[in-house]
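Input: a single structure, listed below in structure tokens.
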Amino acid sequence: DAGVTQSPTHLIKTRGQHVTLRCSPISGHKSVSWYQQVLGQGPQFIFQYYEKEERGRGNFPDRFSARQFPNYSSELNVNALLLGDSALYLCASQGLRGSTDTQYFGPGTRLTVL
Amino acid sequence: QKEVEQDPGPLSVPEGAIVSLNCTYSNSAFQYFMWYRQYSRKGPELLMYTYSSGNKEDGRFTAQVDKSSKYISLFIRDSQPSDSATYLCATSTIYNQGGKLIFGQGTELSVKP
């Protein structure tokens with residue numbers, strides 16, 4: 001089975017631009033979470049979506065938004081990019097069907113803002 | 001104060017050594033505790049998870065949680081060069097309902113042949 005997939009792998013943008021990152025969860029998983037990992041730090045929670053509804057939001061500005069589609073894939077959008085948005089953006093999917101469910105992470109999208 | 005504190009290292013050990021990785025946390029509401037391994041330029045991979053206090057063993061890995069002191073540990077026995085990675089501890093208040101994970105900073109481990 002394919003794991004969590006993310007696209008693109010790498011992205012270079014300039015300040016002020018907008019970016020869209022994409023994630024496809026593991027087949028059968030209905031929950032997708034997004035995390036930002038700055039170099040040398042642990043991942044920080046941005047959003048969680050379950051059944052196309054936002055279930056949680058971290059401490060990020062309104063420039064960050066996300067949505068989940070009927071096939072449970074998800075997009076993370078960031079507007080008005082700042083240099084500090086440069087990071088690895090991770091997507092995690094979760095089945096939410098039992099106590100053994102866990103969050104499985106994708107390889108991430110590395111965003112560089114110049 | 002961060003909710004989860006983890007020494008970033010780097011930690012360098014010889015092959016075959018026992019490795020001890022540790023985190024402390026501040027929120028007594030945390031119920032679930034996880035260890036992830038992250039290789040360079042890859043996403044985190046779940047190694048171990050435990051609920052509440054106690055020990056859990058899986059092969060060369062043992063996870064330990066002491067809720068009374070808010071201290072979590074991961075022990076790696078007979079460490080191998082392939083164990084060289086960044087180890088992230090993570091906690092959450094709700095597990096199977098998609099609660100957000102709170103991560104430590106990560107400890108960079110290098111196992112020398």
Side-chain angles (χ1 to χ4, degrees), chain A residues 3-6 9-10 21 23 25-26 29-60 68 72 74 87-110 112, chain B residues 2-11 21-27 30-52 56 58 63 72 74 85-109:
Chain A
V4 179
T5 59
Q6 293 187 243
T9 305
H10 297 91
L21 311 180
C23 170
I26 292 170
H29 284 192
K30 299 181 178 180
S31 171
V32 169
S33 297
W34 288 95
Y35 292 81
Q36 180 196 65
Q37 187 177 23
V38 173
L39 192 63
Q41 300 293 320
Q44 276 205 301
F45 174 77
I46 309 175
F47 286 109
Q48 192 235 348
Y49 276 78
Y50 176 66
E51 288 280 18
K52 302 180 289 295
E53 292 189 0
E54 183 182 302
R55 289 276 290 268
R57 173 186 283 257
N59 188 24
F60 280 81
Q68 187 176 33
Y72 304 110
S74 178
L88 180 68
Y89 287 85
L90 295 161
C91 171
S93 81
Q94 187 171 13
L96 296 177
R97 285 179 294 183
S99 60
T100 57
D101 283 358
T102 188
Q103 292 194 28
Y104 296 90
F105 283 85
T109 293
R110 187 162 299 280
T112 301
Chain B
K2 291 183 179 179
E3 288 187 279
V4 179
E5 299 273 4
Q6 185 176 7
D7 186 339
L11 180 63
L21 303 168
N22 308 292
C23 291
T24 58
Y25 64 94
S26 57
N27 188 345
F30 289 141
Q31 299 278 0
Y32 302 93
F33 305 92
M34 288 136 279
W35 284 94
Y36 282 84
R37 177 175 62 195
Q38 186 174 26
Y39 291 113
S40 181
R41 299 188 171 275
K42 302 288 186 183
E45 167 197 14
L46 181 72
L47 279 177
M48 304 280 288
Y49 76 90
T50 54
Y51 170 69
S52 195
K56 187 171 184 178
D58 184 3
I72 57 178
L74 178 71
T86 295
Y87 289 81
L88 297 155
C89 61
T91 74
S92 71
T93 54
I94 299 170
Y95 187 73
N96 62 346
Q97 293 177 39
K100 71 176 184 180
L101 298 181
I102 310 295
F103 283 88
Q105 184 177 353
T107 299
E108 185 181 346
L109 171 67

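Proteins come first, then strands; the chains are lettered A, B, ... in the order of their sequence lines, and each starts at number 1. Note that these values count all heavy atoms, side chains included, but never hydrogens, waters or copies made by symmetry.
The main-chain N or O of B/G106 is found under 3.5 Å from a side-chain atom of B/Q6 such that the two form a donor-acceptor pair. The backbone N or O of B/L101 lies less than 3.5 Å from a partner atom in the side chain of A/Y35, making a donor-acceptor pair. With hydrogens and angles disregarded, a donor-acceptor distance shorter than 3.5 Å links the side chain of B/K56 to the backbone of B/Y49.
Of residues 35-43 of chain B, those residues with a non-hydrogen atom less than 4.5 Å from any non-hydrogen atom of chain A are, in numerical order, B/Y36, B/Q38, B/R41, B/K42, B/G43.
Atoms NZ and CD, from B/K2 and A/Q41 in turn, are 4.5 Å apart once rounded to the nearest 0.5 Å.
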- Please report the C-alpha distance between B/N27 and B/I102 in whole Å, then the side-chain angles of each, then the deciding distance to 0.1 Å, and finally whether the side-chain contact (heavy atoms from CB on, under 4.5 Å) criterion is met. CA-CA 11 Å; B/N27 188 345; B/I102 310 295; over 6 Å; no
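Relative orientation of the A/F105 and B/F103 rings is perpendicular, given thresholds of 30° and 60° on the angle between their planes.
No other option in A/G42, A/P43, A/A92 has as many heavy-atom pairs under 4.5 Å with chain B as A/P43.
Heavy atoms closer than 4.5 Å to chain A are found nowhere in B/P8, neither backbone nor side chain. If you measure heavy-atom distances from A/Q37 to chain B, the contacts under 4.5 Å come from the side chain alone.
When only modelled atom types and interatomic distance are considered, B/T24 and B/E5 share no side-chain donor-acceptor pair under 3.5 Å.
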